[in-house]
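Notes to accompany the following structure.
Chain identifiers are assigned alphabetically (A, B, ...) following the order of the sequence lines, protein sequences preceding nucleic acid strands; residue numbering begins at 1 within each chain.
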Number of protein chains: 2
Amino acid sequence: MSSESHRPTQEDVAREAGVSRAVVSYVINGRSGGNVRISEKTRRRVLEVVQRLGYQPNVNARSLRTRRSQLIAVMVPDLTNPFYPLMIRGAQAVAQRAAYDILVYDCDDQPARERSFVQAMLGRMVDGVILVAFHLKAEDVSLLTRAGIEVVGVGGELRPLGVDVVVPGEREAVRELMRHLIDRGHRSIAHLAGPPDTPPGRVRLEAYRQALAEAGIPDDESLVRYGTFDREHVADLVGSLFSSSRHGAHPTALFAANDVMAIEAIRTLARLGWQVPADVAVCGFDNIPEAEVVMPPLTTVDQDAEAIGRRAAELLLERLRAEAPLPPREVKIACRLVLRESA
Amino acid sequence: MSSESHRPTQEDVAREAGVSRAVVSYVINGRSGGNVRISEKTRRRVLEVVQRLGYQPNVNARSLRTRRSQLIAVMVPDLTNPFYPLMIRGAQAVAQRAAYDILVYDCDDQPARERSFVQAMLGRMVDGVILVAFHLKAEDVSLLTRAGIEVVGVGGELRPLGVDVVVPGEREAVRELMRHLIDRGHRSIAHLAGPPDTPPGRVRLEAYRQALAEAGIPDDESLVRYGTFDREHVADLVGSLFSSSRHGAHPTALFAANDVMAIEAIRTLARLGWQVPADVAVCGFDNIPEAEVVMPPLTTVDQDAEAIGRRAAELLLERLRAEAPLPPREVKIACRLVLRESA
DNA sequence: TTGTATGCGTTATCAC
DNA sequence: GTGATAACGCATACAA
C-alpha cells in the first residue's frame, strides 16, 4: 500500500522489476518490432510487477509524447433528439474497442455553439471528430483538418468540404415509402415539407417529387405545404389541405417530412373528423418513440442511427490508423421502412 | 503562416515577444498573486503575440504538469432513455463554463460495463465523475475516490458510499400524485410496481403505501402487481386487476411505476373495454415523450433531468475548487406533477 | 519585474 | 537485449 495517492509510474515498475524504464515502456507497448527484443523472461517479470503494483499508464504523459489524445469528439445539434444518443452509442461501441473515449458536445440547437465547440475540440487536441453540423462553414472545418484532426461528417452538408461523410439513404427511403402508398392505390399524395433551406427538408421534398414522376403522377404543387419540422403551423397546413369543404376531392395520403409533423397531422385530422388511415393515409420520417404510441401507430422510416454512428467511427479509426492521407469517402446507410397502421 | 502543422508553443510566443517562457506562462494563467508581478506593458505585448500566433495551450502538457485533466465523466445506464441526454445537457451547461469537457460513458444497460468504465475513467484521469450506477459496489467507487477523482452520484443508490448525491424528490412526487387521485375521489388505487429489488421500484411502492396510509385508506396488498419497468407482463398484470369478471368492484385508479408500464396499461385497458379516465384513471412516472402522445395523454411526473444534471455538475465543481475535503452532501431536486387527461 | 532551472511520465533514439 | 538520455510543453520555486 503506497502512502498517499501516489500512482505508480514506469519508474516504480522498473525499479521493482530490476530493469530500466525503457524496458518497461517496451513491454507495455508490445514494441516487438525494430531492433529491440525483450526476452520472454524479462517481459513476464515486468508484467507481473505491473499487475502487482496496479500500474496504469499516465495518458497525459503519453499524449504529450505521442501527440495522440485517444479522444474522439462527437458534436450533435440536439442531444434530446433520440436519433443522436443512438448514434453516439454506435460510435462509442466502435471507439471503445480501440481504446478511444468519447467527448460529447451538444449544441442544443444553438448555431453559435457549433463554432465555439470547434474551438474546444482544437484546444482539447482530440484525434478525431464526428460532426453533425448544419451551420459550420468550410473554414471552420479546415481549422480542424489543418490541426491534424480527422473529421467525419454525418449527413450530406459536409460533403462539399472534402471530408468523409456518412449519409442516410433518405432519397431511397422516401422513394420506397411513396411506392408503398402508390401501390396501395393512392394517387393524390400531399406532402408536409420541412423548411426548404434545410438539407433534410429539401432532400425529402425532392425525393417525393421524383417518386411521383416515376409513377407517372402529374406534379401538383397545390399538394405541398411548407412547415418547420415542429408542431407549429401543422394544424393550419393540414386544415388548408383537408378543410371539410373539400371533402369531395381531397388527397388520400399525406407524407410528412418528419414524425413530429406527422403525429400532429394525425391529431389534426382526427379533430377535423377524418379517419386515418381509412380516409387519409399518413406517414412520417424518423421513427421517433412517439410514432409507435400514437393512434393509429405511424408508418415511417427508421434511419438506423446506431449503424450511422458505428460507420462514422469506423471511418474515423481507419483514418487514424492510416499511414498516408486517404481520399474523402462517402458511405450511405440504408434506411428501413417501418410499416404500421397509419398507412 | 507556419510551415506544417506546427502548433505554436509558449516558447514561440516568448521568442516573438522578446521575453522568457516563464513570463508567457504567468501572463496566460493570470498569475497576479504570489510574489510575481508582470508589468502591464509586457502583459499586453505577450497577449498580442498570443493573438497573432493563435497560440493555444497544450492541454496534455498542462495536465501532465498540473495533474488536472479538465475532464468530467458522466456515466449513464442507458443513453437512449430520454432522461439521460437531458441530464447530460444540464451537466454540460455548467461544466462548459468552467472549461471542463464532458466524457460520456453509456452502459447500454449492461451491468458489467459499469465496472469496466470505472477503469476507463481511472486510466483517463478525469477530474470528476457523475455516476448513475445501479450495480457499482462500494469498492468500485472507492477506486475512484482513492485516485483523487471526485464523485457525485445521481439517485439514492450511491448515498451509502459517502459521496455527494443528487436525488429526485420521488417520494414527494408520488405523494402529490396520490393526493391528486384521492382528491378526485379515488379510494381503490392499484399500483403497477417496478421490481422491488431496484431502488426506484422500491421507493415508489413505499411512497404509494405511505400516501394511502396518510389518507386513511386501508392497505390492500391485492391491489399491487409487480412488473419489470418495461412492457412485458403488463397486459397480464392489468388483466388480473381488471378482468371483466370483476367489473363490479374494481380499482378506480391505477398508478404505474413508470410511463412505459402506464402506457401499456392504457392500451390494455382499452382492449378490455375500459374507458380511461372515465372508468379507470391512470398515471405514470417519468414524463417520457410518448406520454404526451398516447390517448388519453398521460398524467405523470417529470423529474427535471436537466436540473439534476446541473446540480450534479455544480456539486462536482465545488469539490474540484475546494481546498479542503468537503463532507458528503445530498441535494434533492423536486419533481413536477404533469397533469394531463388520463387522471 | 524578469529569467533560469527543474520535473511531470512517456516514448524513442542511441550507444553499449 | 539492455540502459542511459533527450525531447514533449507547461508551471512554478527560486535566483537575479
Side-chain angles (χ1 to χ4, degrees), chain A residues 2 4-46 50 53-70 99 122-125 147-148, chain B residues 2 4-46 50 53-70 99 122-125 147-148:
Chain A
S2 60
E4 239 216 325
S5 65
H6 175 69
R7 182 170 170 144
T9 71
Q10 289 192 352
E11 172 94 48
D12 299 324
V13 175
R15 189 175 338 102
E16 196 76 8
V19 299
S20 80
R21 280 158 47 202
V23 174
V24 178
S25 179
Y26 285 136
V27 171
I28 298 290
N29 299 320
R31 273 258 151 279
S32 49
N35 54 359
V36 174
R37 288 224 63 87
I38 305 290
S39 72
E40 187 54 27
K41 210 180 68 185
T42 312
R43 217 182 67 85
R44 247 203 263 285
R45 189 170 68 242
V46 170
V50 164
L53 264 45
Y55 165 80
Q56 269 195 306
N58 179 320
V59 282
N60 296 318
R62 173 175 287 177
S63 295
L64 177 59
R65 184 59 228 228
T66 60
R67 301 169 168 289
R68 287 291 196 118
S69 61
Q70 292 291 115
L122 248 20
R124 180 58 70 185
M125 305 211 297
Chain B
S2 59
E4 240 216 324
S5 65
H6 174 68
R7 183 169 168 143
T9 71
Q10 289 192 351
E11 173 94 47
D12 299 322
V13 175
R15 188 173 341 100
E16 196 76 9
V19 298
S20 80
R21 281 159 46 205
V23 173
V24 178
S25 178
Y26 286 137
V27 171
I28 298 288
N29 298 321
R31 272 257 150 280
S32 49
N35 52 0
V36 175
R37 288 222 63 86
I38 305 291
S39 73
E40 188 53 28
K41 211 180 67 184
T42 313
R43 215 180 70 86
R44 248 202 262 286
R45 189 170 68 243
V46 171
V50 164
L53 264 48
Y55 166 80
Q56 270 194 305
N58 179 320
V59 284
N60 296 319
R62 174 175 286 178
S63 294
L64 177 59
R65 181 62 227 236
T66 61
R67 303 170 167 290
R68 286 291 195 116
S69 61
Q70 292 292 114
L122 247 21
R124 180 58 70 183
M125 306 212 297

Quick one: closest heavy-atom pair of B/Leu64 and A/Asn60, and the distance?
N-CB, 4.0 Å
Looking at B/Ser25, does any N or O in its side chain come under 4.0 Å of the phosphate oxygens OP1/OP2 on D/dA11?
yes
Side-chain contact check for A/Arg67: nearest option of D/dG3, D/dG9, C/dT10 is D/dG9
Students often get this wrong, so: under 4.0 angstrom with heavy atoms, is A/Gln56 touching a base, only sugar-phosphate, or nothing?
sugar-phosphate
Describe the nucleic acid contact of B/Arg21 in one word from base, sugar-phosphate, nothing, applying a heavy-atom distance below 4.0 Å.
base
Base, sugar-phosphate, or nothing for A/Gln10, non-hydrogen atoms under 4.0 angstrom?
base
Length of the CG-P vector between B/Asn29 and D/dT12, whole Å
7 Å
Looking only at side-chain N and O atoms, does A/Thr9 come under 4.0 Å of OP1 or OP2 in C/dG9?
no
Contact under 4.0 Å: B/Thr66 side-chain N or O vs D/dC10 OP1/OP2:
no
Which pair of heavy atoms, one from A/Leu122 and one from A/Ala147, lies closest together, and at what distance?
CD1-CB, 3.9 Å
Taking 4.0 Å as the cut-off, does a side-chain nitrogen or oxygen of A/Asn60 come that near to OP1 or OP2 on C/dT10?
no
Counting just side-chain N and O atoms, does B/Asn58 come under 4.0 Å of either OP1 or OP2 of D/dC10?
no
Distance check needed: D/dA11 C1' versus B/Glu11 CD, whole Å only.
14 Å
Scan B/Val24 against the nucleic acid and name what it touches under 4.0 Å (heavy atoms): base, sugar-phosphate only, or nothing.
nothing
Nearest heavy-atom contact between B/Gly54 and B/Pro8 is O-CG, 4.0 Å
Quick check: do B/Val27 and B/Val23 have side-chain heavy atoms less than 4.5 Å from each other?
yes
Kindly indicate whether the side chain of B/Thr9, heavy atoms from C-beta on, has any atom under 4.5 Å from the side chain of B/Asn58.
no
Whole Å only: how far is the CZ atom of A/Arg45 from the C1' atom of D/dT2?
11 Å
For D/dA7, does OP1 or OP2 lie under 4.0 Å from any side-chain N or O of A/Arg65?
no
Quick one: does A/Arg62's side chain get under 4.5 Å of A/Gln70's, heavy atoms only?
no
For the helix from C/dT1-D/dA16 to C/dC16-D/dG1, figure out the bend between the end axes, five pairs an end, and round to 10 degrees.
50°
Atom CD1 of B/Ile28 and atom P of D/dC10: how far apart are they, to the nearest Å?
9 Å
For C/dT10, does OP1 or OP2 lie under 4.0 Å from any side-chain N or O of A/Tyr55?
yes
Which residue, B/Leu64 or B/Arg43, contacts DNA chain C at a nucleotide closer to its 5' end, judged by nearest heavy atom?
B/Arg43
What does B/Thr42 touch in the nucleic acid at a heavy-atom separation under 4.0 angstrom: a base, only the sugar-phosphate, or nothing?
sugar-phosphate
Protein-nucleotide distance (B/Arg62, atom CZ; C/dT10, atom P), rounded to Å:
21 Å
Please confirm whether any donor atom in the side chain of B/Tyr26 sits under 3.5 Å from an acceptor in the base of C/dT4, or the reverse.
no
Mind checking whether A/Arg21 and A/Val24 have side chains closer than 4.5 Å, heavy atoms only?
no
Can you give me the closest heavy-atom contact between A/Ser63 and A/Arg68, atom names plus distance?
OG-O, 2.9 Å
Separation of C/dT11 P from A/Arg68 CZ (nearest whole Å):
14 Å
